[in-house]
K.L.:
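Sharing a structure below in structure tokens format, with a few things to ask.
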Amino acid sequence: MTDMKRNGSEQENKWNLRISGMTCATCSQIIERALKKIPGVNFASVNLATESAFVLAEPSVTEKELEEAVRASGYETVKDAPADLDELRYREARRNLIQILLIGVPMSLLMFLHMFFGYHFAWYGLIEVIFGAIAIFWCGRKTMRGAWIALRHRHTNMDSLIALSAAAAWTTAVMHIFGFAIPSFGTVGVMIMMLHLTGRYIESHLRDRAAKQVKTLLTLQPREARIMVEGETIMVPIDAVKPGTLVQVNPGERIPLDGVVVEGESGVDEALLTGESLPVTKKSGDDVTGGALNMYGILTVRTTKSGDDSFLAKMLELVREAQGGKTPLQALADRMTLKFVPTVITLAFVSAAAWYFFYPQLHHLIAPIARLLPWPTNLGSPAGAAANSFIATLVIACPCALGLATPLALVVSAGEASKAGLLIRNAEAIQTLKEVDFAILDKTGTITKGEPKVTKWEAPEESLRYIYALESSSGHPLTRAVTEAVGIHLVDGADSVTETPGEGVSGRWNGVEWFVGRPLDRRRWSDASSLAVTLVEVRRDGEPVGYFAITDPIREDSKRAIAELKELGVRPMMATGDAKETAEAIAAEAGIEDIRWELRPDEKLSLVQDAQRQGRRVLMSGDGINDAAALKGSEVGIAMGGGMDLAVDSADIVIMKGGLSRIVAAIKISAKTRRVIKENLFGAFIYNIIAIPLAMAGLLHPIAAELAMAASSITVILNSMRISGSAGNK
């Protein structure tokens, strides 16, 4: 999703579409191409595993245009999909698999008894025709319909291979019954569809797993809230609750929306949101997150955000957006699959025609080799040899391991990342992370806990109400520490308030300008200054009149994570807007030698660009507004989940729980995923390069081709599962 990251405009609209009818990577590639052809669409990514499309488009593009493009490709968009759609499809896949197993397994046993033990059943031919038709055209009806849709729109997909090979094999059974001199492969057709539906069942199971994160987030959001009106409580829909509303949360209930505790004390279970295993004590003045579970006390909470702006709603949107992602390796595999299917079909027809029309010459060359094989071949007649090579060539290539190689690995890696507390917004980050060799790390909230406390302060009494007003309007991580120190002070609205990222916030009241932010000269407050203290200065009409000394301890995992980054070949740098003394103290504690201090947002971006000009692959991690530009400009931007919205929106990966150790986990997942995808693609290529020529030469019996195809797909699935556990201890 590089285009989305580099060129995204604030004027662009985001669309998340649910698409029905896709059955393989070729389907998703065809829809993706159709969407990209629409004027004004800047980015489109279609994900087969989650049956979704993510589109970035100019305001002139309408949803109707997107839906028409999908429909013109032969597929449909789903607007009001049931909440349990993935589970319903999983059940359908399971039902179809059970049905075809009840037919296919007995037929396969009868075939093997006939082939290897000489048992012949008089009615076997009729069984192949009747029960074969039920298995192929009823149990496999979705596959047949997918192939028909593709044919109607003049393209091919993986269903085309399945449908053509199964139908062709069944046709040989019909022809055999009517006396044609051609071997019957009817049961082979059933086996093709049976193994295909087995693969569909596995894919459906994985797709259901991929949707669980969204379902979990949805279940965390209460539908109603108990608001307090004139001392009484009233249950109202969650959508009706506005910021500033007082809500009561009883023991055992989930907190409805983000807010601040104004009364009461309780333990709050935030495990599903932050990964913390133990309840966190919340009392008056503490922030609480919507979706967290109140354990034992009664809490009165003043809401600070509405439903759409809440942490839970934003994380849900990020998850949905992330599901549309696709790596360059996956895009390459999809393009190759798009050409692979028609190529295989063409080769199958060419091989059949060659055997039928040039049978004597080919039989003279191939028969001596065929006699050495452990399985039987059907080279006794031109028609038999043509049918054998045609069906074997189609079977050996479907369902193509090439189509499974990348999507399965990505689904497993996304689950592994989720377990490690990571939300992958940009799927390309999975591929790029392993290449990173330089990490620029913000200090406050990234290396440190982001829980700053004022240890000492001094300011005139008259300034407190202006300090509180200015800091309350700011988004800087240190503002809460200042407002907690001075307490609540009310003042009439300012004539103007201006926040300058990296500097501070200023406002004018009755012709007097007040400022809270970066000191003009840190040495002025030497009595409060120490190595690990951040100083915030108060100025009246440009003249310093007070200060706040703030400390923020480093996270427990920062030192270990930075050491691990070095072991992985990633050079860390700390880049902060704080003073030199504070930066050096924190860096020394964390184990970072390369430090930059008193940086403004544009200077952080310059650091990223300078490193890139030196040929480095840069990772940027931060949580504030002043980190957003650098996050967007780096190869991989990682934001802390509790950070500012702009930082999260600019990042490729969001750390939902924990600190820098999650970056290490992400790099390890990336390395394992890249390696597995490459192994899958290499294995699929080798398999097809070797097997297809053998099938065309008539050296593979369709049964042998069927077993080889199944083994190839199973190998890809098992290899993809190796990604689990790649993040190490979490």
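Index from 1, following the sequence. What you are looking at is a predicted structure, and each value in this text was computed from that prediction instead of being measured.
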K.L.:
To check you understand the geometry: which heavy-atom pair defines the closest contact between S634 and V636, and what is its length?
P.N.:
OG-O, 3.1 Å

K.L.:
Could you tell me whether the side chain of T300 and the main chain of V262 form a donor-acceptor pair under 3.5 Å?
P.N.:
no

K.L.:
Could you tell me whether a side-chain N or O of R254 sits under 3.5 Å from a main-chain N or O of G290, the two making a donor and an acceptor?
P.N.:
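Not confirmed, R254 side chain does not pair with G290 backbone.
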
K.L.:
So, the side chain of E564 versus the backbone of S661: is there a donor-acceptor pair under 3.5 Å, distance only?
P.N.:
no

K.L.:
Should V482 and I550 count as side-chain neighbours, where that means a heavy-atom distance under 4.5 Å?
P.N.:
yes

K.L.:
State, yes or no, whether a side-chain contact exists between W514 and R539 at a heavy-atom distance under 4.5 Å.
P.N.:
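A side-chain contact under 4.5 Å is absent here.
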
K.L.:
Would you call D437 and V570 a side-chain contact if the rule is heavy atoms closer than 4.5 Å?
P.N.:
no

K.L.:
Got a sec, which pairs hit salt bridge (Lys or Arg N to Asp or Glu O under 4.0 Å) with one end in residues 586-599, sequence neighbours left out?
P.N.:
K566-E593, R571-D594, D594-R596

K.L.:
Looking at side-chain heavy atoms only, is the closest gap between V249 and I298 below 4.5 Å?
P.N.:
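No, too far: nothing below the 4.5 Å cut-off.
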
K.L.:
Taking side chain as C-beta onward, heavy atoms only, is K305 less than 4.5 Å from L257?
P.N.:
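A side-chain contact under 4.5 Å is absent here.
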
K.L.:
With rounding to the nearest 0.5 angstrom, report the OG to CD1 distance, S472 to I488.
P.N.:
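Separation between the atoms: 8.5 Å.
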
K.L.:
Answer yes or no: is there a side-chain heavy-atom contact under 4.5 Å between R675 and K434?
P.N.:
no

K.L.:
Supply the atom-to-atom distance I586 CD1 to I447 CD1, rounded to the nearest 0.5 angstrom.
P.N.:
8.5 Å

K.L.:
Rounded to the nearest 0.5 Å, what separation is found between the CG atom of L299 and the CG atom of D286?
P.N.:
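Output value for this atom pair is 9.5 Å.
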
K.L.:
Does a salt bridge link R613 with D610, judged by any charged N lying under 4.0 Å from a carboxylate O?
P.N.:
yes

K.L.:
Which pair of heavy atoms, one from V247 and one from A225, lies closest together, and at what distance?
P.N.:
CG1-CB, 4.4 Å

K.L.:
Any side-chain to backbone donor/acceptor pair from S606 onto D602? Under 3.5 Å, distance only.
P.N.:
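Yes, the answer is positive, given that a donor and an acceptor are paired below the 3.5 Å cut-off.
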
K.L.:
Sub-3.5 Å donor-acceptor pair from the side chain of S266 to the main-chain atoms of G297, do we have one?
P.N.:
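A pair under 3.5 Å: yes.
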
K.L.:
Are L520 and P544 close enough that some pair of their side-chain heavy atoms sits under 4.5 Å apart?
P.N.:
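Sidechains of P544 and L520: in contact.
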
K.L.:
Rounded to the nearest 0.5 Å, what separates atom CG in L660 from atom CD1 in I554?
P.N.:
9.0 Å

K.L.:
Looking only at non-hydrogen atoms, find the nearest pair between A575 and I440 and report the distance.
P.N.:
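Looking at all heavy atoms of both residues, the closest pair is CB-CG2, 3.7 Å.
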
K.L.:
Is it true that E484 and K453 have a side-chain N and a carboxylate O under 4.0 angstrom from each other?
P.N.:
yes

K.L.:
Does T245 use its side chain to pair, donor to acceptor, with the backbone of T303 at less than 3.5 Å?
P.N.:
no

K.L.:
Report the distance from atom OG1 of T446 to atom CZ of R555, rounding to the nearest 0.5 Å.
P.N.:
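Result: 7.0 Å between the selected atoms.
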
K.L.:
Using the six-membered ring wherever Trp is involved, compare the ring planes of W457 and F548 and label them parallel, tilted or perpendicular (cut-offs 30° and 60°).
P.N.:
parallel

K.L.:
Given 3.5 Å as the limit, does a donor-acceptor pair link the side chain of D541 with the main chain of E513, or not?
P.N.:
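Yes.
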
K.L.:
Could you walk me through whether K456 and Y547 pass the side-chain contact (heavy atoms from CB on, under 4.5 Å) check?
P.N.:
CA-CA 8 Å; K456 187 176 182 181; Y547 70 88; 3.4 Å; yes

K.L.:
Which heavy-atom pair separates H489 from Y468 by the least distance, and what is that distance?
P.N.:
O-CD2, 3.3 Å

K.L.:
Which pair of non-hydrogen atoms, one from V618 and one from A611, has the smallest distance, and what is that distance?
P.N.:
CG2-CB, 3.6 Å

K.L.:
Please say whether more than 12 non-hydrogen atoms of neighbouring residues, nucleotides or ligands are located less than 6.0 Å from CG in D492.
P.N.:
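Atom CG in D492 is not packed in, count stays at 12 or less.
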
K.L.:
Would you mind checking if D442 and K604 are paired as a salt bridge, meaning a charged N to carboxylate O distance below 4.0 Å?
P.N.:
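Yes, this pair counts.
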
K.L.:
Quick one, V505 with V497, criterion side-chain contact (heavy atoms from CB on, under 4.5 Å). Give me CA distance, side-chain angles, the key distance, then yes/no.
P.N.:
CA-CA 7 Å; V505 58; V497 174; 3.8 Å; yes

K.L.:
Taking all non-hydrogen atoms of both residues into account, name the closest pair between I592 and P572 and its distance.
P.N.:
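Heavy atoms only, the tightest pair is CG2-O, 3.9 Å.
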
K.L.:
Are the side chain of E635 and the backbone of E435 linked by a donor-acceptor contact shorter than 3.5 Å?
P.N.:
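Not at all, since once roles are kept as given, no pair shorter than 3.5 Å links the two residues.
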
K.L.:
Quick one: does T582's side chain get under 4.5 Å of K443's, heavy atoms only?
P.N.:
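They are in side-chain contact.
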
K.L.:
Verify whether one side chain among W525 and E458 offers a donor that lies under 3.5 Å from an acceptor in the other.
P.N.:
no

K.L.:
When rounded to the nearest 0.5 angstrom, what is the spacing between CE in M620 and CG in D652?
P.N.:
12.5 Å

K.L.:
Would the distance check show the side chain of D552 and the main-chain N or O of T448 forming a donor-acceptor pair, the cut-off being under 3.5 Å?
P.N.:
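Absent.
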
